[in-house]
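Here is the naming used below: chain letters follow the sequence lines, and residue numbers restart at 1 for every chain.
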Amino acid sequence: MDYQFKQIEQKWQKFWAENQTFKADTNSTKPKYYVLDMFPYPSGAGLHVGHPLGYIASDIFSRYKRLKGFNVLHPMGYDSFGLPAEQYAIQTGQHPAITTEANIATYRRQLDQIGFSFDWSREVRTSEPGYYKWTQWIFMQLFNSWYNLETDKAEDISTLIEKFNAAGSADVKAVCDEDIKSFMPSDWAAFSDEEKQAELLKYRLTYLKESTVNWCPALGTVLANDEVKDGFSERGGHPVEQKKMMQWSMRISAYAERLLQGLNTIDWPEPVKEMQRNWIGKSVGASVKFPISLTPTLSEGEGAGSYGYETADPLLWEVLKTNARVNRSHQTEGEDALWQKLRNSQTGHKIRRQHPIGTYIADFICLNKRLIIEVDGGYHLENQENDKIRTEALNQLGFNVIRFSNEEVLNNINMVAEKITSELNNRPDSAPAKVGNSASLSLGEGRGEAYIEVFTTRVDTIFGVSFIVLAPEHELVQALTTDGQKADIENYIAQTKKKSELDRMADTKTVSGAFTGSYVINPVNDEFVPIWIADYVLAGYGTGAVMGVPSGDQRDWLFAKHFDLPIIQILDTQTDLDVEANATKEGKYINSDFIDNLGYKEATSYLNHWLEREGVGKAKVNYRMRDAIFGRQRYWGEPIPVYFKDGLPYLIKEEELPLLLPEIDKYLPTESGEPPLGRAADWSYEDQYEYELSTMPGWAGSSWYWYRYMDAQNNCDFASKEAIAYWKDVDLYIGGSEHATGHLLYSRFWNKFLKDLGYVNEEEPFKKLINQGMIQGISQKINISGSQGSTSGSNNYRINGLQFSFGDKTERLIISQDVKVSEIDKGSDIAKEFFKTSLHNVDIQYTNELTNELDIEKYIKWRPDYENAIFWCSGGCWQGGVFYPFENSNGEKRFFTKPEVEKMSKSKFNVVNPDVLIENYGADTLRMYEMFLGPLEQSKPWNTNGIEGVFKFLRKFWRLFHNEEWIFHVEDSIPAKAELKALHKIIKKVQDDVERFSFNTSVSSFMIAVNELTDLKCKNRQVLEDLVVVLSPYAPHICEELWSLLGNTNLSTTPYPKFNPAYLEEAEFAYPVSVNGKMKMNLNLSLSIEQDEAISTVLANEQVQGYLNGATPKKIVFVKGKIVNIVI
RNA sequence: GCUCGGAUGGUGGAACUGGUAGACACGCAGGACUUAAAAUCCUGUGCCCUCAACAGGCGUGCGGGUUCGAUUCCCGCUCCGAGUACCA
């Protein structure tokens, strides 16, 4: 019989199902191997040819491993909670469970007909109560845990309570909220239960927090960062806005470092690891506190005539600052000498030098004591007069002035210092409490001063700071804004808000910002630094404030240039600072006071210590990764097992799990805007407490599912201890790279957490990961523009002399690719509008794959709303069945689309369904063809060009076992040497290829082997039997059939044939002989001969002599078994 | 901008640690079988020169380098794809 794939495939699929051939042993002495596919979301569209690519690869690998003697776990299931089913429910009223069930049936049918060796007894569905019971259970464990930084792992909340009981909050080192309370054990004991719960919530690994979220009004839900693309929802493309909401969050940030370090221990594709590293975003630097130096909110009255705390006149700031800088670098000898006595609080008081006060610059000042110390040159009478005026002015500002002459200082420095010290000691503290409305400012510990904390990775550049920038949303902005700057700031904030609403992608090059009117003091040199706001600083990262160092950072440089702020060179290697910033770490520091002449490393470490000693900063590691929001205002997800009592969340009891998803009448938010669960009737805990109304996000169920497969039917645990101990982790995980920062990161997080609590044993869940490439589709595109009814009145315009008139009836215009703007009458606004539009896809079923011609009549039948539309393509326009060719076209009256390769997706109307191919060629052909397309990891557009070749190969293979009349026929002869050689070549090739996941190359090799054996007219049973085993992972159905025709059983666990290198050994080798590296000829030589003999044989050869043409070779290279190269 | 991939015939791709570039397949051309077509089989097929053969020249995105020898290693660029985006 000819190769009857349909019968064969049905027969064996039925056999496998009935015999549970691929059920993994729970009790096995064999080594385990766990092969996992990323389980699919069962969408209504069913599988397309892209989906099975990874499944086929993993199936080949699983079948291969079984032949190699492993106990293989290869399961499949469904990530069956999700948005599409819910959207469908909203539209049709059909319960998502019903839709999901139907979709799963389709998936199962499609998966079955490809012949996968899944152990279906372990199937999981995340939307089944038996499964999500355990998702909820894990949530409860997270709620009941906190992250102890001392042990560097998650612990039960009870250990935290013990610490509170024993020593209060003092020696707790935890990952927690920022607003935790400081308390003594006695305080803790005195707390009410509510207070305790409220405090504990700040430590729990899953917690409630008011956070700014990506709110999508159209979907009525919150989206994770990775679900938002360019301000629109990834699914559906609806606008997304920022909104503050009370949300459940997961403290994944506690695991940032472990998630980062773990990447070094796993065999994953570098790009995925890199993406996770970027996502975690570790930066090592320092946090620095810049004390705030102004009382901006001081009212007229309070501040009249004096600067309540300390400041320069803002208007004169720039002048003063420049002067101060100049003065400092041109200090008189006396000033310099005195500074050496006063600096670093040697007097017991903090003294600043060259400090702007009002409209003056004081030589030295102690702000606390309101004392100014001046050193006079004293040689001119005019100067003395000026000094007098100056003193009076400073007195008016509330400062006292003592003066010393240059001589006094130089001749008797100690006496001067003593005088100053005693003067300071005798003066009362002028309390910094005068910091006006400082209630809204957060107060620095112990110093009584407000400060702005910044994070920097270049603390070494701190002497180059010439401004501080806050995010416009920074909590201190209001308080810091002076009356004079209020309009500017408010204006700017309004502008920023508008900008984020519009297009955040927009220009990153335009410099913008506004000055608050306030200053901070740079702690390393006591200089005044103006505080600005700008939207390039993000509220969510670090402290929402940065120090601007224009000489070292291009963004800061642009900002400084734009607003005319100083650019201070800080390294001697920095050049061209008037052209651009120079971020070098080379060279020695200059203009940097106590780190002058140091190099980068020493300076950084010195500064870190200095800052810490001074109490104004310290070395710090910062992570970009934020805690993950864990809640959706949606119906079709896991209910969160929490109820509220007096506004505080409490877990339901463990034995009450699962908390079932209640029935509701409509899948929409309630009238009052609450999530759909708010509609559920009588849904409350113990009939009195409100349940949490949001459900878990899509990634909840997929963050631990690989453990459920280990023991899918277990009712007492998410998986038994024994199963977890045996299967440990996933040895091979195959899936798309689109999950790099979502699923793969969250899964690692939950895995580490479960390990901390002792439920699982491995630190990392997926040892080896492979990303299959995307199979792309070929879309057919046209341009669509003008929305329904958007054109009004009568418009006339021409296209290459063709006159068109559109009245009110014109609803839509469709323009194909390739029409140039110049071909349209430019006067028309409509024309301009058309070309603004984006490409739209037409369903590929209406186009001809080869010619790209669109069957426009059929297309319009499918989209009747386009009935009155005008279609344009490169050759002309089409409307109402008439084609108007352009004047300069070749007059061909056909409508062409523009083909484009992109992601295969239902929304792009370019999907190719595998069912058709299986119908025509069978599953074995599909399996082999998908592998034959190219390397697994590579993305490639789908085409069926080569599928015939693969099908022909299988027929040829089938034929090896049959005679001319298609009757099964093999011979029990002794295999010929050539036959064994062909066989062992493929035995080796396939095991090498499979181990390195190079499936495409082994398909080619199978073809070569079958071609060789066909040429040899091989009918040998022994050879063909082995060949069947080797091919069976790739084409299991045909192999099972032949295996049984050969009289055998249990193909799937037959040992893989043993490779014998002896069969490949050759006595001779046709050495390629090249002259100067260019291959000229082949020469047969025995493989046993060595260099000398080989060279003389080669030189004796007539043909070689011909190439030499009488010349004497300079050198002859001989590599045994490889090559002969003659150098002339 | 940054990070990571990639670029080989008409097409998909092969060449694993530097050693015969283009395996295998598609497509195309010619032939056999057939009344004809499909299917099947055979032959050829990187480009250039040549009627053809022999022989030769050029060839792995571009320009250099290392080497007896480079698709492979190094330096510098171009283009394409993916991810990320003011991350301090």
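Asn622(A) places its CG atom 13 Å from the P atom of C87(B), with the value rounded to the nearest Å. Look at CG on Asn943(A): it is 9 Å from C1' on C26(B), rounded to the nearest Å. Computed from coordinates, the Met547(A) CE to C87(B) P distance equals 15 Å when rounded to whole Å. In this structure, Glu738(A) atom CD and U84(B) atom P are separated by 12 Å, rounded to whole Å. Between the CD1 atom of Ile1095(A) and the C1' atom of C68(B) there is a distance of 12 Å, given to the nearest Å. Rounding to whole angstrom units, CZ of residue Arg555(A) and C1' of C87(B) are separated by 8 Å. What separates CG of Asn1076(A) from P of G57(B) is a distance of 11 Å, to the nearest Å. As a whole-Å value, the separation of Arg624(A) CZ from C2(B) P is 17 Å.
For the P atoms, the distance linking U71(B) with G18(B) amounts to 13 Å, nearest Å. Comparing the C1' positions of C41(B) and G19(B) gives an interatomic distance of 37 Å, to the nearest angstrom. The C1' atoms of G65(B) and G9(B) are separated by 28 Å, rounded to the nearest whole Å. Here the separation of C54(B) from C16(B), taken at their P atoms, is 30 Å to the nearest Å. With both ends at atom C1', the span from U50(B) to G57(B) equals 12 Å, rounded to whole Å. The separation of A70(B) from G83(B), taken at their C1' atoms, amounts to 32 Å, rounded to a whole angstrom. If you take atom P in U78(B) and the same atom in G30(B), they sit 45 Å apart, rounded to whole Å. Comparing the C1' positions of C28(B) and U35(B) gives an interatomic distance of 27 Å, to the nearest angstrom.
With Arg624(A) contributing its side chain and Asn278(A) its backbone, the two residues share a donor-acceptor pair below 3.5 Å.
Across all strands, Val537(A) comes closer than 4.0 Å to base atoms (heavy-atom distances). Among the atoms of the strands shown, none is found under 4.0 Å from any heavy atom of Pro269(A). Residue contacts shown for Glu274(A) are limited to sugar-phosphate atoms, with no base heavy atom under 4.0 Å away. Heavy atoms of Lys282(A) sit nowhere under 4.0 angstrom from any nucleic acid atom. When heavy atoms are screened at a 4.0 angstrom cut-off, Gln938(A) is found touching the sugar-phosphate backbone but no base atom.
Between Lys940(A) and G81(B), a side-chain N or O to OP1/OP2 separation shorter than 4.0 Å is absent. An OP1 or OP2 oxygen of C87(B) is reached within less than 4.0 angstrom by no side-chain nitrogen or oxygen of Arg626(A).
Of the listed nucleotides (G56(B), U40(B), A88(B)), G56(B) has the atom at the smallest distance from the side chain of Lys1080(A).
The ring of Tyr929(A) has its center closer than 6.0 angstrom to the ring center of Trp942(A). Ring centers of Phe957(A) and Phe1006(A): at least 6.0 Å apart, outside the cut-off. Aromatic pair Trp532(A)/Phe559(A): ring centres closer than 6.0 Å. Residues Tyr921(A) and Phe951(A) place their aromatic rings such that the two centres sit under 6.0 Å apart.
Partners of Phe1059(A) by ring pair (Phe, Tyr, Trp, His ring centres under 6.0 Å), not counting sequence neighbours: none found. For Glu919(A), the salt bridge (Lys or Arg N to Asp or Glu O under 4.0 Å) partners at least two apart in sequence or on another chain are Lys6(A).
Pairs of residues two or more places apart, or lying in two chains, that qualify as side chain to side chain donor-acceptor pair (under 3.5 Å) and include a residue from residues 544-562 of chain A are Tyr536(A)-Asp556(A).
Ring orientation note: the planes of Tyr3(A) and Trp958(A) are tilted relative to one another, at an angle of 30° to 60°. The aromatic rings of His743(A) and His739(A) stand perpendicular to each other, their planes meeting at an angle above 60°, with 30° marking the opposite boundary.
Nucleotides of RNA chain B nearest to Gly542(A) and Leu933(A) differ in position, and the one nearer the 5' end is that of Leu933(A). Both Arg955(A) and Gly946(A) sit near RNA chain B, but only Gly946(A) has its closest nucleotide nearer the 5' end.
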Give every donor-acceptor pair under 3.5 Å between a side-chain atom in residues 1120-1128 of chain A and any protein atom, sequence neighbours left out.
| unit_1 | atom_1 | unit_2 | atom_2 | d |
| --- | --- | --- | --- | --- |
| Lys1120(A) | NZ | Glu1090(A) | OE2 | 2.9 |
| Asn1125(A) | OD1 | Ser1074(A) | OG | 3.3 |
| Asn1125(A) | OD1 | Gly1077(A) | N | 3.0 |

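For G9(B), the base is syn relative to its sugar; the glycosidic angle is within 90° of 0.
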Could you list the protein-to-nucleotides 17-24 of chain B atom pairs, N/O on both sides, closer than 3.5 Å?
| unit_1 | atom_1 | unit_2 | atom_2 | d |
| --- | --- | --- | --- | --- |
| A23(B) | N1 | Ser1004(A) | OG | 3.3 |

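RNA chain B contains the following stems of three or more consecutive Watson-Crick or G-U pairs, with both distances under 3.5 Å: B:1-7 with B:78-84, B:10-12 with B:24-26, B:27-32 with B:40-45, B:46-48 with B:56-58, B:61-65 with B:73-77.
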